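Heads up, the thing below is written out as structure tokens.
Chain naming here is simple, since letters A, B, ... match the order of the sequence lines and numbering starts at 1 in each. The model shown is predicted, which means the values in this text are computed figures rather than measured ones.
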2 protein chains.
Amino acid sequence: MNARPTMQDVARLAGVSIKTVSRVVNNEPRVDPDTRARVQATIDELGFRRNEQARSLRPGQSSSLIGLVSGDLGNPFYSAIARGIEEVAYEHGHLLLTASSEEQPARERQLLETYLQHNVAGLIVAPTLDAAHTITPELLRGVPLVSVDRPVSDPDPFDTVLLDNRAGAYRAVTHLIHDGHTRIGIIDGNPRVYTGQERTAGYLNALRDAGLTPHPNLMIHGHHGAQHAEQATHQLLSQDQRPSAIFATNNRIATGVIRALHARRRTLAVASFDDFEFADVINLPLTLVSYDAMDLGRAAARRLLQRIQGDTSPPQRLTQPVTLRVPGEAH
Amino acid sequence: MNARPTMQDVARLAGVSIKTVSRVVNNEPRVDPDTRARVQATIDELGFRRNEQARSLRPGQSSSLIGLVSGDLGNPFYSAIARGIEEVAYEHGHLLLTASSEEQPARERQLLETYLQHNVAGLIVAPTLDAAHTITPELLRGVPLVSVDRPVSDPDPFDTVLLDNRAGAYRAVTHLIHDGHTRIGIIDGNPRVYTGQERTAGYLNALRDAGLTPHPNLMIHGHHGAQHAEQATHQLLSQDQRPSAIFATNNRIATGVIRALHARRRTLAVASFDDFEFADVINLPLTLVSYDAMDLGRAAARRLLQRIQGDTSPPQRLTQPVTLRVPGEAH
DNA sequence: ATGAAAGCGCTAACAC
DNA sequence: GTGTTAGCGCTTTCAT
């Protein structure tokens with residue numbers, strides 16, 4: 001329980017003033033080498049480390065804290081983003097606070113406020129639906145914010161890092177069409193979610209460019225999570241004009257589709273946004289839109305650090321690339 | 001870029017002293033209701049929120065920060081733990097800092113030091129190998145630490161939250177034996193890792209209690225990650241006395257085993273520590289040791305909060321339960 | 001019930 | 001090259 005030593009303690013023991021200790025700690029130039037050595041020795045002896053909290057209390061000195069609010073850190077997609085942010089933040093001497101909004105706007109706002117109370121230097125948020133109403137410049141008071149995966153609103157007052165959702169979906173569906181499929185079903189989640197909207201748009205564009213007409217019976221929306229996607233798959237396969245392939249707009253949905261096909265002992269081409277580890281072991285023809293979620297985090301963190309360092313250019317929208325992966329196919 | 005208002009600003013505008021504002025903010029009793037209302041109105045008007053950094057600078061006032069160092073936040077196991085910690089921390093008004101040691105002791109120590117510089121109230125760490133040499137009471141200076149998933153050392157000077165590794169492995173292997181298997185292979189990772197040691201011990205106990213003799217050719221150690229486990233599986237299946245079942249000591253290894261079996265188009269009973277989403281869709285007889293990783297985090301956080309609140313009882317070792325899951329079997 | 005003043009650990013401005 | 005002083009935003013005696 002020995003109390004933590006302060007600069008004052010070091011100064012006393014080394015027989016110098018507190019300012020000299022500060023100079024040594026901060027590697028300022030104008031210090032006598034002998035003095036520096038003596039002070040450093042005392043620092044080591046006492047195990048002194050600067051109190052960052054006191055340091056960043058001074059005006060101008062921003063704290064080295066970055067706050068992240070994502071939907072659910074337990075979701076591998078978000079934790080990969082967090083990992084990417086963490087990596088870049090760490091390289092630049094910043095620390096990362098993490099919390100989950102559970103997709104509730106009120107909680108999201110509460111978390112951002114708490115972060116601001118702790119003097120974070122910047123914020124990264126994977127916004128909930130309706131974030132546009134709660135995340136405002138007045139709330140932020142000049143603290144920079146970068147949104148990731150989804151925009152806060154459109155047009156967006158903040159920097160935003162997104163996946164190329166539309167192109168990814170377009171390519172996956174086009175790949176199915178090239179394989180001869182003409183009746184391609186789509187299962188999407190909540191139609192208000194940005195990523196799903198973009199991916200659905202990509203699907204429609206692919207059909208249109210191939211001269212195919214989208215069929216309402218082949219498009220199921222408003223379903224959420226693997227459970228509902230499983231039902232939706234059964235529904236698609238129980239009707240007269242069955243699809244020969246299904247595009248799932250994310251991996252939760254893909255999981256449901258695969259479960260349903262497994263239950264029916266039925267083989268169908270499945271395309272999906274999001275890659276997954278067991279893709280190679282599933283006995284189905286798969287077409288996956290793959291990407292590195294950590295890169296989303298890295299890009300968001302880099303942009304945020306630029307803002308923290310004073311960049312005041314207009315808000316940017318950064319789009320991260322995606323690739324098509326067909327398990328079992330040579331490349 | 002309007003500067004953040006301070007208590008001083010509120011005091012001036014409300015025509016009271018800063019101390020009265022402080023009393024209102026902290027809900028202290030001895031304030032005139034009228035004064036309180038007037039101050040509160042000013043607070044709302046200005047959007048004032050207490051600067052937590054300044055607050056916790058006062059001695060005695062511990063910060064509301066908790067620091068987590070895990071091996072890799074991108075690993076779903078660790079991110080689930082983080083999510084559990086976050087949940088409990090949030091309920092108690094604490095915030096969570098996260099970082100990844102990448103299993104490097106030097107980085108782990110560096111991160112802990114940085115956390116301590118930021119005046120964290122407590123620490124949770126999933127220790128690397130060799131953490132015993134770098135995580136010492138001198139480093140911590142009275143800041144409480146709880147280790148999770150693995151002990152820092154044995155006997156452990158810190159509270160520790162573990163899975164019931166031995167019992168889980170014992171039950172899984174016993175289940176295989178009841179199904180008639182007598183030649184059961186085991187593939188483990190780095191033999192220095194605590195969890196692997198315990199799970200291997202459970203495997204050996206199960207064999208012994210069933211009157212079976214462990215065979216060196218059926219035990220493969222020192223392999224790391226899915227890649228090596230794939231090779232190890234091929235090795236096990238290429239020898240004369242082939243196993244009829246394989247126990248994988250974690251899900252990375254299980255992934256490798258399943259990959260290898262898929263490549264060989266071979267069906268074999270597979271038992272594994274760690275459950276996974278696609279277990280139900282894999283066409284293999286599976287026996288899984290399942291548990292809730294979030295609970296590990298919750299338990300660690302609860303223990304840490306007790307320490308932060310002044311508990312000085314001797315270090316505890318908490319063991320979290322595991323269950324057996326056999327996909328496709330009724331329960 | 002309210003306020004004045006000191007001080008937490010540090011850095012910036014300005015001596016010397 | 002080195003030291004003195006003031007002050008960041010807050011809480012805590014101790015007065016009034």
Legend entry - Touch class at under 4.0 angstrom, heavy-atom based, for A:Arg55 against every strand present: sugar-phosphate

Legend entry - Verdict with supporting geometry, B:Arg141 and B:Leu116, side chain to side chain contact (heavy atoms under 4.5 Å, CB included): CA-CA 9 Å; B:Arg141 292 183 190 281; B:Leu116 289 167; over 6 Å; no

Inset, instruction - Examine the side chains of A:Asn51 and A:Arg4 and answer whether a donor and an acceptor come within less than 3.5 Å of each other. - result: no

Legend entry - Rounded distance (nearest 0.5 Å) linking atom CG of A:Leu318 with atom CG of A:Asp295: 12.0 Å

Legend entry - Strand contacts (DNA chain D) in residues 33-49 of chain B, 4.0 angstrom heavy-atom criterion: B:Phe48

Legend entry - Under the salt bridge (Lys or Arg N to Asp or Glu O under 4.0 Å) test, residues paired with A:Glu52 that sit two or more places apart: A:Arg50, A:Arg55

Inset, instruction - Quick one: list whatever passes side chain to side chain contact (heavy atoms under 4.5 Å, CB included) with B:Arg302, sequence neighbours left out. - result: B:Val88, B:Arg298

Legend entry - Pairing residues for A:Glu28 by the side chain to side chain contact (heavy atoms under 4.5 Å, CB included) criterion, not counting sequence neighbours: A:Lys19, A:Arg23, A:Asn26

Inset, instruction - Of all the heavy-atom pairs spanning B:Asp32 and B:Asp34, show the shortest one and how long it is. - result: OD1-N, 2.8 Å

Legend entry - Euclidean distance, B:Leu95 CG relative to A:Thr98 OG1, rounded to 0.5 Å: 9.0 Å

Inset, instruction - For A:Tyr90, enumerate each residue passing the side chain to side chain contact (heavy atoms under 4.5 Å, CB included) test, keeping only those at least two apart in sequence or located in another chain. - result: B:Arg107, B:Gln110, B:Leu111

Which atom pairs link the protein and nucleotides 12-16 of chain D when you take only N or O atoms and keep those under 3.5 Å?
{"unit_1": "D:dT12", "atom_1": "OP1", "unit_2": "B:Gln61", "atom_2": "NE2", "d": "2.6"}

Inset, instruction - Using atom CG of B:Asn119 as one end and atom P of D:dC10 as the other, report the distance to the nearest whole Å. - result: 17 Å

Legend entry - Sequence-distant partners of B:Glu86, salt bridge (Lys or Arg N to Asp or Glu O under 4.0 Å), two or more places apart: B:Arg83

Inset, instruction - Give a yes/no on whether any side-chain N or O of B:Arg50 is located under 4.0 angstrom from OP1 or OP2 of D:dT11. - result: yes

Legend entry - Pairwise 5' ranking along DNA chain C for A:Met7 and B:Pro29, keeping only the more 5' one: B:Pro29

Inset, instruction - Kindly state each residue pair satisfying salt bridge (charged side-chain N to carboxylate O under 4.0 Å, His left out) with at least one member in residues 116-126 of chain A, sequence neighbours excluded. - result: none

Legend entry - chain B contact limits on DNA chain C, taken 5' to 3' with a cut-off of 4.0 angstrom to heavy atoms: C:dA1 to C:dC8

Inset, instruction - Give a yes/no on whether any side-chain N or O of A:Ser17 is located under 4.0 angstrom from OP1 or OP2 of D:dG3. - result: yes

Inset, instruction - Only counting residues at least two apart or in another chain, list the ones meeting side chain to side chain contact (heavy atoms under 4.5 Å, CB included) with A:Asp311. - result: A:Arg303, A:Gln306, A:Arg307, A:Ser313

Inset, instruction - Among the candidates D:dC10, D:dG3, D:dG1, find the nucleotide nearest to the side-chain atoms of A:Asp32. - result: D:dG1

Inset, instruction - Would you mind classifying the nucleic acid contact of A:Val16 as base, sugar-phosphate or nothing, using non-hydrogen atoms under 4.0 angstrom? - result: sugar-phosphate

Legend entry - Five-pair end axes of the helix from C:dA1-D:dT16 to C:dC16-D:dG1 and the angle they enclose, rounded to 10°: 40°

Show me the side-chain donor-acceptor pairs of residues 121-134 of chain A shorter than 3.5 Å, one per line, residues at least two apart or across chains.
{"unit_1": "A:Thr128", "atom_1": "OG1", "unit_2": "A:Glu108", "atom_2": "OE1", "d": "2.8"}
{"unit_1": "A:Asp130", "atom_1": "OD1", "unit_2": "A:Arg192", "atom_2": "NH2", "d": "3.0"}

